[in-house]
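Structure, as structure tokens:
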Amino acid sequence: MKAVLFISDLHLSQEYPDSLARFEDFSSNLPKDIGQIFLLGDVFDFWIGDDGAETLGHHNIEKQLRHMSSSGIKLSFLPGNRDFLVGQDFAIRTGCRLLPDPSIIDIEGERIYLTHGDALCTDDIEHQRNRSVLLSSKWQKAFLDKPIEDRLDTALRLRQKSEDSKQAKPMSMMDINQSHLEDIMRKSQVRTVIHGHTHKPAVHEFDLDGMSAKRYVLGDWYTQNSVLAFRDGEFILE
Ligand code: MN
């Protein structure tokens, strides 16, 4: 089996040229053994609709994704809380397969639960409330019907609001809720979860009903690449 990579929280934006350069370098220098890449959300710092990619200066990133998918790497895109408006046009342009959050995949016979991660942060009630509004088709339709400039204004305002409210919240409130996670893992019959969002890269091992369970947390790309690789039967977080 070819290697599988998992990345998230690149927060690609013209405002962070370092991350853009690192992603370009990553995509053009991939090891030859990569068969699949799962993008687990917040790849873009924000997204205002597939017709707004040019406005955000994301043409080049789409080209890099297209280059990877054309070279035979299977790309899957699961949206985050910043780029949840990525849609079919983006998928067609880049060759990414869109996955819903959460999704369960099979790797060598093991069920793996993939999620961006913010849905697991149930202690942050304000975020969960905002999340259900932004994910509603009513809000999304009204937003996408607006002119691109208005959408850009709204997106920047929402981003600022989210940054401000994060400052006021304790770290623990913005992390995942362990008992909620365990409930989900039981219901979904999984022992392995991979997510991003919290920007706290780690491998958490814990006991789940007498069996060993693992939660891999991907890091952000603000200062370095964070990649989880499945290769030769094991996961390695780099
Ligand atoms: Mn996020």
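Since the model is a prediction, treat every value here as computed from it, not as a measurement. Every number for a ligand or one of its atoms is a count from 1 in the order of the listing.
Between the side chains of Asp164 and Gln160, a donor-acceptor pair is found at a separation under 3.5 Å.
Considering only heavy atoms from C-beta on, His204 stays 4.5 Å or farther from Gln178 through its side chain. In this structure, the side chains of Asp118 and Asp42 stay at 4.5 Å or more apart for every pair of heavy atoms.
Counting only protein atoms, the N, O or S atoms lying less than 2.8 Å from the Mn ion (ligand 1) are Asp42 OD2, Asn81 OD1, His116 NE2, His197 ND1, ordered by chain and residue number.
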Using distance only, find each side-chain donor-acceptor pair of residues 1-10 under 3.5 Å and give its atom names and separation, not counting sequence neighbours.
| unit_1 | atom_1 | unit_2 | atom_2 | d |
| --- | --- | --- | --- | --- |
| Asp9 | OD1 | His197 | N | 3.4 |
| Asp9 | OD1 | His199 | NE2 | 3.2 |
| Asp9 | OD2 | His197 | N | 2.8 |

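Checked against side-chain hydrogen bond (donor to acceptor under 3.5 Å, both in side chains), Asn225 has no partners two or more places apart in sequence or in another chain.
For residues 89-111, the set of pairs meeting the ring pair (Phe, Tyr, Trp, His ring centres under 6.0 Å) definition, not counting sequence neighbours, comprises Phe44-Phe90, Trp47-Phe90, Phe77-Phe90.
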